Amino acid sequence: MKRILLLGGTKDAKDLVALLSDRADFEIHMSLAGRTKAARQAQAGSTTGLRIGGFGGVDGLVAYLRDQNIDILLDATHPFAKDISWNAYHAARQLGIDHLQILREAWQPEAADTWLVSPTIGHAVEALEAGKRYLLAIGRQEAHHFARRDDCWFLTRSIEPAAPHLAVPRGACLLQQPTGGIEEEQRLLERYEIDAVICKNSGGQASYGKIVAARHLGLIVHMIERPTPPPSVKVSCVNKALRWLNQI
Ligand code: NAP
């Protein structure tokens, strides 16, 4: 039996656990950063196989992989979770264990889209137009970067509230998981008279509704590009990850 450490925090990671749960040839252990209430509750309800919290950089991850006799490291973290993916790459190389990154494909603009692409959040902050109203959909940890644009109005959407010490961009906050529904997103953009959407190029379907809604309404999307991923072996979806696992 091979022992897998799965770095999670995404739907792909959950799907992979479900798909591997009845496999006798793999024992899967999931790791979460523990940023969300859902993650902490999952740990409370879990009997085995789930750990929460950082490892302590590359050295900590190497030690954990060694102590736990992990054979395979699967990185199914979010495309913007750069540090943990690079740590995973270096740790797996140090130990010479099998390592795969599941990195869903980035969204590509369609002919009817108007995207202003920013290489970083800082560039997106600079690119905004004074006096405009924005849907800020980049998650609660980084929304505070936009607080200094008090010449704009933001509908800041996140699943959980930002930590109290973080600055809040001027405007309103909406605690909501995006449904991916196009009509719902369109109604939201209209209700708040949004001029443009700010988001990360996360890829996948779960949060693509706002991009299509912006397209339908002719709104600009400030698309923040992904950080550079490590040069790991990669697949774009869970099914391909399963195929890779079956081959090794
Ligand atoms: P990050 O910047 O790459 O990670 C920062 C530190 O958090 C890492 O160095 C590591 O600490 C710890 N960490 C991250 N993911 C971990 C995991 N799965 N298990 C154990 N420790 C982990 O990541 P982030 O952007 O803060 O994201 C944190 C988590 O949220 C990830 O699991 C990611 O999949 C999920 N997420 C992120 C985004 C996003 O936009 N960034 C969106 C949706 C979900 P040590 O160095 O101490 O090991």
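Just so you know, ligand 1 is whichever comes first in the structure, and atom 1 is the first atom listed for that ligand. This one's a predicted model, so the numbers in the text were calculated from it and none came from an experiment.
In terms of protein heavy-atom proximity, atom 40 (O) of ligand 1 is closest to Lys200 NZ, 2.6 Å. Here the protein heavy atom with the shortest distance to atom 2 (O) of ligand 1 is Asp83 OD2, 3.9 Å. Annotation: atom 48 (O) of ligand 1 to nearest protein heavy atom, Phe55 N, 2.7 Å. Nearest non-hydrogen protein atom to atom 7 (O) of ligand 1 is Arg35 NH2, 3.0 Å. When hydrogens are left out, the protein atom nearest atom 10 (C) of ligand 1 is Ile84 CD1, 3.9 Å; that is the closest non-hydrogen contact. Protein heavy atom in closest approach to atom 32 (O) of ligand 1: Gly8 O, 2.8 Å. Of all protein heavy atoms, the one lying nearest to atom 25 (O) of ligand 1 is Ala81 CA, 3.6 Å. For atom 37 (C) of ligand 1, the closest heavy atom belonging to the protein is His78 CB, 3.5 Å.
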Exercise for review: Evaluate the criterion salt bridge (charged side-chain N to carboxylate O under 4.0 Å, His left out) for residue pair Glu185 and Arg157; output intermediate values, then yes/no.
Suggested key: CA-CA 12 Å; Glu185 294 290 64; Arg157 177 167 69 186; 2.8 Å; yes

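Rounding to the nearest 0.5 angstrom, the gap separating the CG atom in Asn201 from the OG atom in Ser118 is 11.5 Å. Expressed to the nearest 0.5 Å, how far CG of Leu19 lies from CZ of Phe26 amounts to 12.0 Å. Between the CG atom in Leu103 and the CG atom in Asp12 there is a gap of 9.5 Å [rounded to 0.5 Å]. Considering CD1 of Ile194 and NZ of Lys210, their distance stands at 13.0 Å, rounded to 0.5 Å.
When each atom of ligand 1 is checked for a heavy atom of Lys82 under 4.0 Å away, the hits are 3 (O). Of all atoms in ligand 1, listed by their number and element, those nearer than 4.0 Å to a heavy atom of Ser31 are 17 (C), 18 (N), 19 (N), 20 (C). Set against the non-hydrogen atoms of Gly54, the atoms of ligand 1 under 4.0 Å away are 11 (O), 21 (N), 45 (P), 47 (O), 48 (O). For ligand 1, the atoms closer than 4.0 angstrom to any heavy atom of Gly53 are 20 (C), 21 (N). In summary, the atoms of ligand 1 found under 4.0 Å from a heavy atom of Arg51, numbered by their order in the structure, are 20 (C).
For atom 47 (O) of ligand 1, the nearest non-hydrogen atom from the set Ala33, Gly60, Gly56 belongs to Gly56.
The heavy-atom pair separating Cys152 from Leu128 by the smallest distance is SG-CB, 4.1 Å.
Put simply, no part of Leu61 is less than 4.0 Å from ligand 1, judged by heavy atoms. At least one heavy atom of Gly57 sits less than 4.0 Å from an atom of ligand 1.
Side-chain contact of Gln101 with His99: a donor-acceptor pair under 3.5 Å is absent, judged by distance alone. At a cut-off of 3.5 Å, with distance as the only test, a side-chain donor of Ser31 or Arg51 sits close to an acceptor on the other residue. Using a 3.5 Å distance cut-off with no hydrogens or angles, the side chains of Asp75 and Thr77 do pair a donor with an acceptor.
Inside a 4.0 Å radius of atom 30 (O) of ligand 1 there is not any protein heavy atom.
Using a cutoff of 4.0 Å between basic side-chain nitrogens and carboxylate oxygens, Lys234 and Glu105 are not scored as salt-bridged.
A donor-acceptor pair under 3.5 Å is absent between the side-chain atoms of Asp195 and the main chain of Lys132, judged by distance alone.
Counting heavy atoms from C-beta on, the side chains of Gln68 and Arg3 come closer than 4.5 Å.
With a 4.0 Å cut-off on non-hydrogen atoms, Asn87 touches ligand 1 through its side chain and not its backbone.
No N or O atom of Ala76 sits closer than 3.5 Å to an N or O atom of ligand 1.
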